[in-house]
Number of protein chains: 2
Amino acid sequence: MPFDQILRGECVETMRALPGGQVDCIFADPPYNLQLRGELRRPDESIVDGVDDSWDKFADYETYDRFTRDWLTEARRLLHKDGTIWVIGSYHNVFRLGAIMQDLGFWILNDIVWRKANPMPNFRGRRFTNAHETLIWAARGPASKYRFNYQAMKALNDDVQMRSDWYLPLCTGNERLKNAHGLKLHPTQKPESLLHRVLVASTQPEDLVLDPFCGSGTTPAMAKRLGRRFVAIERHPDYIAAAQERVDREVRLPDEQLAITPAKREAPRVPFGSFVERGALPAGTTLFDRQRRLRATVTPDGTLVSGAQRGSIHKLGAQLTNAPSCNGWTFWHFERDGVLTPIDILRTEADPLRAAG
Amino acid sequence: MPFDQILRGECVETMRALPGGQVDCIFADPPYNLQLRGELRRPDESIVDGVDDSWDKFADYETYDRFTRDWLTEARRLLHKDGTIWVIGSYHNVFRLGAIMQDLGFWILNDIVWRKANPMPNFRGRRFTNAHETLIWAARGPASKYRFNYQAMKALNDDVQMRSDWYLPLCTGNERLKNAHGLKLHPTQKPESLLHRVLVASTQPEDLVLDPFCGSGTTPAMAKRLGRRFVAIERHPDYIAAAQERVDREVRLPDEQLAITPAKREAPRVPFGSFVERGALPAGTTLFDRQRRLRATVTPDGTLVSGAQRGSIHKLGAQLTNAPSCNGWTFWHFERDGVLTPIDILRTEADPLRAAG
DNA sequence: CTTTCCTATGAATCTTCTG
DNA sequence: CCAGAAGATTCATAGGAAA
């Protein structure tokens, strides 16, 4: 695998030469097929309303669909079974992208709306201002154990769940790459903030990120900055040169700045019994629910007893509340300095990383 | 054409019996094919009342596509050559909808994002909160001379172009139809504010609006209120009965309140029109100045009328007081609980998410 | 009557590890 | 692969009860 390189070549062909199942995350910003729009502007379709015209149209859409199916098929082959893919598009192409992704077996996780802070107005006043683009986020398949850094996204959003609508400015100013004439180098350069959120949400440091339509290099640049590895594909030498220069200028953040809010799911599991053994909650200790309406006694093997009922902290909590399940760590409390404290505090004190979220 | 009726029957079959080319606007809220698997519980163990109705179940994508192609084909036949169609969906189905619409010859004008003010959270923390739905707005074909009330939309948005992302609350509270047990009558009742914006944007009084999936009747009810004619199709007798009752209760606004006009002013942060849409100050509401010496009536696009004069809240206030300018937010008052209250209170009470995103 | 608290609920593709 | 157990997880509103 050619790590941290921008490969020159056609997207499908170049992907075919790479080994399968090794990519953790793909970000793809495919072309919108401008040819399609030109074809469809041919005069007076509505008057004819006929077969000839629909044949024309069908051929055009079919060409775009074939291209889309080809690159998405290769992308899916390269993707690790637990990897995810992001594809961005507008109403011109995103519906075809999404339908083909579903047909190929991708499992859509979210459609994300990038709300542009500063979109181009509609000059003719004939439509609503097209103020957003759509990203499709999908796993390789329905059974994928994909990565989603939930707590990091929540932290990024003032401690409320991140929604599917993202409000971000366009790429402008110094961030926008210019050519020798001072004009924008690439017509659709994506803002770094967009890639930042995408990569922080769905990858971790050292993950391999693939961008089959590299363009001005926002994906590899942000991957490098965030400590992710990348493979990028681009066919235009001018874009490759500019993107390579951009990546070279980029500095990887120090490790301690790459750490995100940890997920409790990924914290090491600590058996409740270990706190019994260590004497933090010795056998015989009484535990309560939050309202002090239920109580149970700790036994030497780390199970709880309450009357005739016995079980793990989770099982007994579920039993006593007639619930299908229960997180015993947050359900049960013990008395410390006269205050009822969740037993989860013991895990937090043993491993402060757990406190997050 | 059976004007202003809710027809009982299967959607495709019933459409086949109608004459073609006479419908000005279609609003369609087809089944989403959600593919929900198990039951879902909130963190407090309560069960989420998901959509498990048989009408939303399809064997596979192919079956759903066939159904979609069938009803969209008939919809296109019924549509006037200059008519437009709105179709709403989520990521489960909207990509298939959009691709099939393009294949059938519809010409997409915008994809509109309905950003939900109060979406259901993601309870397991495994995805982004699914906080929006997508509407596709399309003309019958590329050459259609479709209707778009640009100035009305601009007026509704405080004289700034209306964008493709709309922030509107879910249908809750008194607006939500209940069955005999006090439970929601229909699992997916759409808010009136959504239909208000759709109909004011793309139709004019006396236009014929078709809804092939009538459900709880939001489309015919809002069509009647706004002076549009309708044909609605629904197969479930319970929904028909409730929708018919709802339409019968609805009152058509007087003609002078239905007229929409252009306006020119700069943009405060929160559009006055959004409060009209959401029903906080519905069209027809009377506003007063602080001394109750002047009065004006709210119209559907958020302008005010007073006798022969019409304008935005700011403009009309200035006109009536012969002042060069006027802050309509503090000038105009409405009666709430018998007390004259400045309309500015609505902005104060409004949700901060609207502006910040 | 006002303020505060509690409960209900919405188009939802909603877990992961060990044995 | 399956069964079973561990254990992680919610935001904006509306409405009613309680203070």
Side-chain angles (χ1 to χ4, degrees), chain A residues 82 102 106-111 138-139 141-146 148 150-151 154 157-164 263-272 302 311-315 317-318 323-332 343-344 347 354 357, chain B residues 29-53 55-58 88-94 114 116-134 169-176 182-184 186-191 215 337 349 351-353:
Chain A
D82 294 334
Q102 289 180 315
F106 286 107
W107 189 245
I108 297 181
L109 299 168
N110 278 113
D111 59 332
S144 295
K145 294 181 193 302
Y146 60 90
F148 175 53
Y150 172 76
Q151 294 293 356
K154 192 173 172 180
N157 195 39
D158 273 355
D159 286 334
V160 287
Q161 288 190 341
M162 185 72 82
R163 297 168 39 120
S164 54
K264 286 186 184 174
R265 281 198 178 91
E266 291 172 40
R269 287 199 178 187
V270 185
F272 175 70
S312 70
I313 53 172
H314 312 292
K315 203 169 213 171
S325 72
C326 168
N327 184 343
W329 289 105
T330 51
F331 180 80
W332 293 109
I343 58 176
D344 200 35
R347 294 197 299 181
R354 277 198 162 272
Chain B
D29 184 10
Y32 286 9
N33 188 23
L34 284 187
Q35 307 167 65
L36 304 181
R37 292 190 276 205
E39 71 170 18
L40 177 64
R41 287 172 178 263
R42 300 185 178 81
D44 65 4
E45 301 292 355
S46 62
I47 294 176
V48 173
D49 182 17
V51 179
D52 60 352
D53 305 68
W55 50 255
D56 196 48
K57 290 187 177 23
F58 294 83
I88 184 166
S90 67
Y91 67 83
H92 309 84
N93 69 329
V94 76
W114 169 28
K116 300 179 182 180
N118 44 349
M120 192 186 299
N122 185 289
F123 296 117
R124 297 295 176 206
R126 294 298 293 137
R127 303 181 178 197
F128 298 94
T129 306
N130 191 8
H132 74 276
E133 293 187 24
T134 303
L170 295 176
C171 177
T172 59
N174 284 334
E175 192 186 316
R176 189 95 195 201
L183 302 172
K184 60 185 174 189
H186 192 282
T188 72
Q189 184 179 343
K190 294 292 173 289
D337 304 322
E349 292 168 353
D351 191 293
L353 256 183

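In the text below, chain A, chain B and the rest are named by the order of the sequence lines, each starting its count at 1. This structure is a prediction, so every number in the text was calculated from the model and none was measured.
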- Query: Is the aromatic ring centre of F123(B) closer than 5.5 Å to the centre of the six-membered base ring of dC14(C), with the two planes inclined by less than 30°?
  - Reply: no
- Determine the Euclidean distance between corresponding P atoms of dA6(D) and dA11(C); express it in Å to zero decimal places. 36 Å
- Item | Same-atom distance (C1') from dC14(C) to dG10(C), integer angstrom |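 After rounding to an integer number of Å, I get 15 Å for this pair.
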Could a donor-acceptor pair under 3.5 angstrom be found where the side chain of [X] meets the base of [N]?
X	N	answer
K190(B)	dA11(C)	yes
R127(B)	dT13(C)	yes
R42(B)	dG10(C)	yes

- Message: With nearest nucleotide decided by heavy atoms, which residue, A263(A) or K315(A), maps closer to the 5′ end of DNA chain D?
- Response: K315(A)
- Query: Can you tell if the side chain of E133(B) reaches within under 4.5 Å of the side chain of V94(B), non-hydrogen atoms only?
  - Reply: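 No, their side chains stay 4.5 Å or more apart.
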- Do the side-chain N or O atoms of H314(A) get closer than 4.0 angstrom to the phosphate oxygens (OP1, OP2) of dG7(D)?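 For dG7(D), OP1 or OP2 has a side-chain N or O of H314(A) closer than 4.0 Å.
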- Name the orientation of the base relative to the sugar in dT13(C): syn if the glycosidic angle is within 90° of 0, else anti. syn
- Query: Mapping W107(A) and T172(B) onto DNA chain C by nearest heavy atom, which one lands closer to the 5' end?
  - Reply: T172(B)
With sugar-phosphate meaning primed atoms plus P, OP1 and OP2, does [X] contact a base, only sugar-phosphate, or nothing at under 4.0 Å between heavy atoms?
X	result
C326(A)	base
N174(B)	sugar-phosphate
G328(A)	nothing
D29(B)	base

- Note on the structure: Per atom distances to the L36(B) side chain, the nearest of dA12(C), dA12(D), dA11(C) is dA12(C)
- Under 3.5 Å, is there a donor-acceptor pair between the H92(B) and S90(B) side chains? yes
